[in-house]
Amino acid sequence: MKKQLLSAILAVGCLASAGAAVNKLVVEPNAKGAPIPSTMYGLFFEDINYAADGGLYAEKIKNRSFDFPTPLQGWNAFGKVEVRNDGPFDKNPNYVRLSPAGHTDKWTGLDNEGFFGVSFEKDKDYNFSVWARVPDGGTSKVRVELEDPATMGEGQDKCSKEFEVKGSEWKQYKVTLKPSETVVKGKLRIFLCKPETTVDLEHVSLFPADTWKGRENGLRADLVQKLAALKPGVFRFPGGCIVEGTDMDTRYQWKNTVGPVENRPVNENRWHYTFRHRFFPDYFQSYGLGFYEYFLLSEDIGAEPLPILNVGLVCQFQNHDESAHAQLDELQPFIDDVLDLIEFANGPVDSKWGKLRAEMGHPEPFNLKYVGIGNEQWGPEYPARLEPFVKAVRAKYPDIKIVGSSGPDSEGEQFEFLWPEMKRIKADLVDEHFYRPESWFLAQGNRYDNYDRKGPKVFAGEYACHGKGKKYNHFNASLLEAAFMTGLERNADIVEMATYAPLFAHVEGWQWRPDMIWYDNLRSMPTASYYVQQLFSLNKGSQVVPLKMDGKPVAGNEGQNGLFASAVKEDPSGDLIIKVANTGDEAQELQIDFKGLKKNQNYSNVTMTTLHADNDAENTLDNQEIVKPKTQTFTDKDIKDMNVTLPAKTFAVYRFSK
Ligand code: AHR
């Protein structure tokens, strides 16, 4: 490297200091390595931590259709309110009847508490809608208000509208509300303003107008933007354990999540009771965010959709009753669910399920390529069930790739049993899960170096470093994730996809942490782990390039000074990208030699992005700048190697371009 670049690096304090032991990394930019799959870095989505209802799904009303098992949960009724169950939507039959309260000075109506409050922002538009009728015919009037409980005593709503309800037929009524103030923990009130008439109400809904792409039944724009900014290669949905259910009735059934939103039946969310110390009895799945919306989102953010379907097993952690599972001769409806889903995603518009997709607004196929069958299953009962699914999918859709599971553990008895079983069954990929401590991540840098290249590919489908005694996404855990991910990248010939998990968490409603993106009702924040994922994804490259230290992969092995590294080349730019994590407590001198680079191939720019913070540092909603990548660019005419000091506890991405 020329003097000019050296002095630029010196200026920012990164020059190798004289005399220190040097780690010599040899990179071969011209050597041919494995192509990096486009799916390599992706997203795992599950409705845990209020990720869907109360999170990504922008609906602000909880229990909007009164179909929670306790029909008025989330609502506070006043006057004369009766729950009835012969409504217009057969899968969500409940609705409320608001009748005169008995005196013209008395009021009948309901308040909705929302998800940790109904939040709204000053001068923004909110689309309110409700299905309503006057059961006796004639006309009535209803008033809807956005309220701030803190100031309600002053008799001031923050915004209100009245509208007429006409006739005894169910119709949808819509009004737009524009609040005069921002309220974080507000509520929505709806009541009869002609107290002498009875009105029926069903499916009470409130969405911000500025959802992602302004869609009705839309998603929170700030959250989707954060997903899109990751440029994910794959989007896995809808979980996770919710695929399985605690029992068969409560498993995730995709067919219940498509078609008109009013008629998607409410399902329980098993995360509401999974952890007693984080018990949320009001956590249900409205399915407003359903499979159509998941496919659309995958398309929007450029990710391959990867739906996971139930294999005929309920959650084996949660339910120990053998008879709760579907027996081998009862699997056909489950197999049909998979085949029908492929038709829903890819089938022609004159096929049964392709037609529904077209009616919902997407005549073009979604081009589904992968399905996962079973989430985190184990024992001989899993392969026994998976086999007939594989047979049926191969027979009808030979191009669809099937993802099987290696169970909940990253090693051990089940893992050892299931991998050979997945090979025998010829799954295309095997989903591995590892929520593990720092020591595990430090020891697993070369996990995939010796995997069998002839069997299924790896899908690292759920992983995160769970720092011992730590609560959130502190920096050191994310640094170790980065270190580990260099091993995924070096092994791109066997690792086809990897997704950190879980993705989302509401700061008031979480059950599981750490998570990649946190939010409250109005704000959201990337964590250190988010930035690690982003640095890999945006610097994914097209092909692995050999990078060695003392002739060995840089995987934190003994004598490698806590360093982990990988290198890729990007097409068509020709950029060389080197990622190095220094997990140790000492700065490390790196000498990066480009082997086999011809004279006219030298680089002239290096962009150096680093992620560094105190071990325990973490971003918060109020301070999102604590852990954030920093980028510097240096220019020189003739870069053919580089000497640089990598500070202790730092992840660095060096991008060399011509
Ligand atoms: O990500 C949280 C849970 O961890 C998933 O639902 C499950 O697959 C795993 O046990």
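Ligands are counted one by one from 1 in listed order, and the atoms in each one are counted from 1 as well. When a residue number appears, it is its place in the shown sequence, counting from 1. Everything numeric here is computed off the predicted structure, so don't read it as measured data.
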Asker: Would you list the pairs meeting salt bridge (Lys or Arg N to Asp or Glu O under 4.0 Å) in which at least one residue belongs to residues 369-385, sequence neighbours left out?
Answerer: E304-K369

Asker: How far is atom 6 (O) of ligand 1 from its nearest protein heavy atom, and which residue and atom name does that atom have?
Answerer: E46 OE1, 2.5 Å

Asker: Can a donor-acceptor pair be found, under 3.5 Å and without considering hydrogens, that links the side chain of N49 to the backbone of A51?
Answerer: no

Asker: Can you find an N/O atom of N375 closer than 3.5 Å to an N/O atom of ligand 1?
Answerer: yes

Asker: Examine the proximity of ligand 1 to I242 and report which part, side chain or backbone, both or neither, has a heavy atom under 4.0 Å away.
Answerer: neither

Asker: Report yes or no: does E293 contribute a side-chain atom to a donor-acceptor pair with the main-chain N or O of G290 at less than 3.5 Å?
Answerer: yes

Asker: Can you pull out every side-chain hydrogen bond (donor to acceptor under 3.5 Å, both in side chains) where at least one residue sits in residues 221-235? Sequence neighbours excluded, please.
Answerer: R220-D222, D222-S524, K226-S524

Asker: How close does the nearest protein non-hydrogen atom get to atom 10 (O) of ligand 1, and which residue and atom is it?
Answerer: E376 OE1, 2.7 Å

Asker: Going by distance only, is there an N or O of C241 that falls short of 3.5 Å from an N or O of ligand 1?
Answerer: yes

Asker: Report yes or no: does W271 have a heavy atom closer than 4.0 Å to ligand 1?
Answerer: yes

Asker: Determine whether the side chain, the backbone, both or neither of Y463 has a heavy atom under 4.0 Å from any heavy atom of ligand 1.
Answerer: neither

Asker: Quick one: nearest non-hydrogen protein atom to atom 9 (C) of ligand 1, plus distance?
Answerer: E462 OE1, 3.0 Å

Asker: Hey, what's the ring geometry for F280 with F116, parallel, tilted or perpendicular (30° and 60° as the breaks)?
Answerer: perpendicular

Asker: Just by distance, do the side chain of N539 and the backbone of L535 share a donor-acceptor pair under 3.5 Å?
Answerer: yes

Asker: To the nearest 0.1 Å, how far is atom 1 (O) of ligand 1 from its closest protein heavy atom, and which atom is that?
Answerer: Y435 OH, 2.7 Å

Asker: OG1/T246 to CG/D321 distance, rounded to the nearest 0.5 angstrom?
Answerer: 12.5 Å

